2 protein chains.
Amino acid sequence: MTLNIIDIAKLAGVSKSTVSRYLNNGYVGAESREKIKKVIDETGFMPQSYAKSLRTGKTNLIGVIVPKISTETAPRVVQGITEVLSENNYDVLIANTNLSVEKEFEYLNIFKNNQVDGVIFMGTKITPKHKKIMDKLNVPIVVVAQYMDNYPCVYHDDFNAAKYMTEYLIGKGHKNIGFIGVYEEDRSVGLERENGYIAALKENNIEMDIENLKVGDFSYESGYKLANELINKKNTPTAIFAVTDNLAIAAIDCLKDKGLNIPKDVAVVSIGDTRISEVVSPKLTTIHYHYKTSGRKSAEIMLELLKSSIKTSKTIKKNIKLSYILIERNSA
Amino acid sequence: MTLNIIDIAKLAGVSKSTVSRYLNNGYVGAESREKIKKVIDETGFMPQSYAKSLRTGKTNLIGVIVPKISTETAPRVVQGITEVLSENNYDVLIANTNLSVEKEFEYLNIFKNNQVDGVIFMGTKITPKHKKIMDKLNVPIVVVAQYMDNYPCVYHDDFNAAKYMTEYLIGKGHKNIGFIGVYEEDRSVGLERENGYIAALKENNIEMDIENLKVGDFSYESGYKLANELINKKNTPTAIFAVTDNLAIAAIDCLKDKGLNIPKDVAVVSIGDTRISEVVSPKLTTIHYHYKTSGRKSAEIMLELLKSSIKTSKTIKKNIKLSYILIERNSA
DNA sequence: TTGTAAGCGTTATCAC
DNA sequence: GTGATAACGCTTACAA
């Protein structure tokens with residue numbers, strides 16, 4: 001019922017190889033070309049991609065594993081990925097793991113040997129088991145939004161962004177700076193940003209008050225609670241650096257609830273530049289990351305790997321560290 | 001180099017048909033089963049999906065066409081879709097059209113006869129050309145976030161949501177209500193919401209001031225400009241209903257710039273319940289839509305269609321109109 | 001420049 | 001319960 005290449009060949013009065021050639025390389029005589037074109041235009045024929053894949057071993061599909069699609073950052077990365085991939089005739093297979101590490105393993109395994117020509121992995125953390133599975137994959141992998149040894153990756157410069165932001169605060173005269181972070185298992189947001197904060201203090205010869213360093217999770221509640229601890233300690237900080245906009249919003253709410261003025265009494269800054277950061281009052285001074293660009297870059301690396309017909313990207317140490325922009329608004 | 005079913009068969013000392021049966025229905029004797037299981041566990045073998053597709057004519061892939069993945073609503077819908085589909089062993093092929101209608105046509109055509117077992121279409125508007133292409137598709141289609149004749153669809157009750165919100169304002173004593181809308185080509189946000197507003201006034205015997213009805217586009221700038229027009233007209237409205245949170249935020253900013261108090265001088269409400277609506281000051285009274293649910297529902301309908309092995313969903317008039325919740329906050 | 005034929009890895013039919 | 005074997009629709013040597 002649905003046409004195949006043989007039907008087209010018959011209708012055009014040529015052999016199926018000629019039609020195939022027309023569809024691909026295009027080593028076809030003028031009149032055959034004409035006849036085939038006509039038939040294809042009339043019928044709207046499109047070759048079945050899986051039959052083609054079976055023969056060629058390529059699927060023209062790139063698997064993209066995302067931790068959770070319904071966030072603000074993941075879609076931006078995916079946006080970048082789809083933009084460059086679709087320009088290059090690749091389609092994107094989305095695997096939404098919903099923050100389940102098990103699902104990450106599962107999808108990596110599904111993509112193994114199979115189904116896709118390459119995998120772009122956007123995870124929250126990378127464990128030894130991740131590495132083990134990835135090492136067995138025989139399609140190229142690119143890691144995005146996360147640093148990883150031995151694999152090509154594109155990520156954001158969390159350490160320096162946090163350091164820079166802390167120095168910005170120091171430059172404004174703050175010496176007593178509270179920090180609201182998250183657990184260190186999250187390398188980018190947890191570990192790197194905390195290290196950046198610590199490094200800035202150290203380099204500026206500011207002794208760190210250990211009470212100023214608070215760590216929780218990503219929730220609004222955590223941000224509020226930690227901000228509260230910060231202002232109730234003996235030396236209330238004059239500035240608070242929260243590692244995400246969401247945590248900063250929570251801190252702002254907490255400060256407001258206590259009757260504190262921002263930024264006069266306490267300055268608040270963060271990293272993210274999400275939509276809410278420009279709507280909250282006062283508008284948040286924050287750091288912008290180039291998420292869409294990271295998506296684009298990771299796709300570009302993938303295309304390169306694909307072109308060089310590399311079967312695995314293990315030990316390819318190409319990695320791109322993207323920079324950041326400080327967005328100065330009214331909260332500091 | 002990468003194993004196939006024949007290799008597994010040899011290793012297990014059975015025929016490939018037996019291995020295939022093991023992989024599928026499972027009509028296999030105990031000892032064969034045991035041997036095969038062992039080999040597969042050791043090798044981590046997974047059958048190539050495209051070879052399977054070639055034979056069975058099924059891909060276990062659902063194409064999802066989204067207007068733009070880097071927004072707040074689309075990912076929520078996709079979230080719902082991926083949740084139910086992945087539970088049912090389907091993968092999702094994302095086609096991000098970036099608001100290009102041409103791309104929508106292109107992807108619909110790519111999906112034609114091909115590549116996917118079904119298409120979930122999330123478009124902004126549906127033209128006759130859309131219909132024409134869809135009619136030719138021979139896989140089932142489900143339309144999400146948009147009403148469409150003759151195709152199964154799940155959408156949000158824009159008309160009644162807007163009517164309800166307007167009535168809420170009326171209930172608060174407002175009679176002079178400004179409206180900030182968008183062009184009617186967007187059926188859901190433009191046409192339906194405007195009609196809901198008009199219907200509420202009519203039913204409550206409030207004569208509509210045509211100057212109160214402003215229409216622009218989705219941009220912040222448009223919202224600001226129209227709000228400005230509204231407060232500069234002779235009878236400044238006591239309330240403004242903007243059709244999206246973003247437009248409402250713009251209106252709020254405009255009112256604040258003019259020194260007006262919200263909600264005392266002018267109330268502001270909208271539809272969306274996006275993240276910014278709970279962060280802006282005052283917090284926005286708005287309407288929540290069940291986007292994730294609409295994604296889930298559309299996926300469920302798709303699964304049903306797939307099960308009934310229907311080749312096209314044309315003329316299947318199943319449609320689901322989802323309800324809404326008024327979120328009462330501080331702006332009205 | 002074109003056609004013939006083999007083969008990609010699976011499932012389904014049928015006979016044993 | 002199991003194993004040959006044909007078939008799915010395409011690409012690609014190779015021959016003509």
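Within every chain, numbering begins at 1; the chains are lettered A, B, ... in the order of the sequence lines, protein sequences first and strands thereafter. Quantities reported herein were computed from a predicted structural model and do not represent experimental measurements.
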If you apply the rule side-chain hydrogen bond (donor to acceptor under 3.5 Å, both in side chains), what do you find for A/Tyr147 with A/Asp149, and how did you get there? CA-CA 7 Å; A/Tyr147 175 79; A/Asp149 278 336; 2.9 Å; yes
Pairwise salt bridge (Lys or Arg N to Asp or Glu O under 4.0 Å) hits with a residue in [range], at least two apart:
| range | answer |
| --- | --- |
| residues 98-111 of chain B | none |
| residues 9-37 of chain B | B/Lys37-B/Asp41 |
| residues 76-90 of chain B | B/Glu72-B/Arg76, B/Glu83-B/Lys292, B/Glu83-B/Arg296 |

For A/His290, the ring pair (Phe, Tyr, Trp, His ring centres under 6.0 Å) test, sequence neighbours excluded, returns A/His288
Sorted by chain and residue number, the ring pair (Phe, Tyr, Trp, His ring centres under 6.0 Å) partners of A/Tyr107 (sequence neighbours excluded) come out as none
Which distance, rounded to the nearest 0.5 Å, do you find between the CG of B/Leu11 and the CD1 of B/Ile40? 10.5 Å
Return the CG to NZ distance between A/Leu99 and A/Lys68, rounded to the nearest 0.5 Å. 5.5 Å
For A/Leu305 and A/Ile141, which heavy atoms make the closest approach, and how far apart are they? CD1-O, 4.4 Å
Tell me which one of [options] satisfies side chain to side chain contact (heavy atoms under 4.5 Å, CB included) with [X].
| X | options | value |
| --- | --- | --- |
| B/Ser294 | B/Ile320, B/Val77, B/Ile81 | B/Val77 |
| B/Ile301 | B/Asn319, B/Ile120, B/Val142 | B/Val142 |
| B/Tyr155 | B/Glu192, B/Gln146, B/Lys321 | B/Lys321 |
| A/Ile62 | A/Asn88, A/Thr82, A/Leu306, A/Asp91 | A/Leu306 |

Scan residues 5-18 of chain B against DNA chain D and write down, sorted by residue number, each residue with any heavy atom closer than 4.0 Å; if none is found, say none. B/Val14, B/Ser15, B/Lys16, B/Ser17, B/Thr18
Opening and closing nucleotides of DNA chain D in contact with chain B, under 4.0 Å to non-hydrogen atoms: D/dG1 to D/dG9
Return each pair, listed once, that meets ring-ring contact (aromatic ring centres under 6.0 Å, His included) where at least one residue sits in residues 73-96 of chain A; pairs must be two or more places apart or across chains. none
Could you tell me whether a side-chain N or O of B/Tyr291 sits under 3.5 Å from a main-chain N or O of B/Gly80, the two making a donor and an acceptor? no
Say whether, by atom type as modelled, one donor and one acceptor occur between the side chain of A/Asn4 and the main chain of A/Asp7 under 3.5 angstrom. yes
Enter the inter-axis angle for the ends of the helix from C/dT1-D/dA16 to C/dC16-D/dG1 (five pairs per end, rounded to 10°). 30°
Taking only heavy atoms on the protein side, list every residue of residues 28-38 of chain A lying under 4.0 Å from any atom of DNA chain C, sorted numerically. A/Val28, A/Gly29, A/Ser32
The correct set of residues in residues 51-63 of chain B placing a heavy atom under 4.0 Å from DNA chain C is B/Ala51, B/Lys52, B/Leu54, B/Arg55, B/Thr56
Aromatic ring pairing B/His156/B/Tyr289, orientation class (parallel under 30°, perpendicular over 60°, tilted between): parallel
Heavy atoms of chain B, cut-off under 4.0 Å: which first and last nucleotide of DNA chain C, 5' to 3', fall inside that, if you could look? C/dG9 to C/dA12
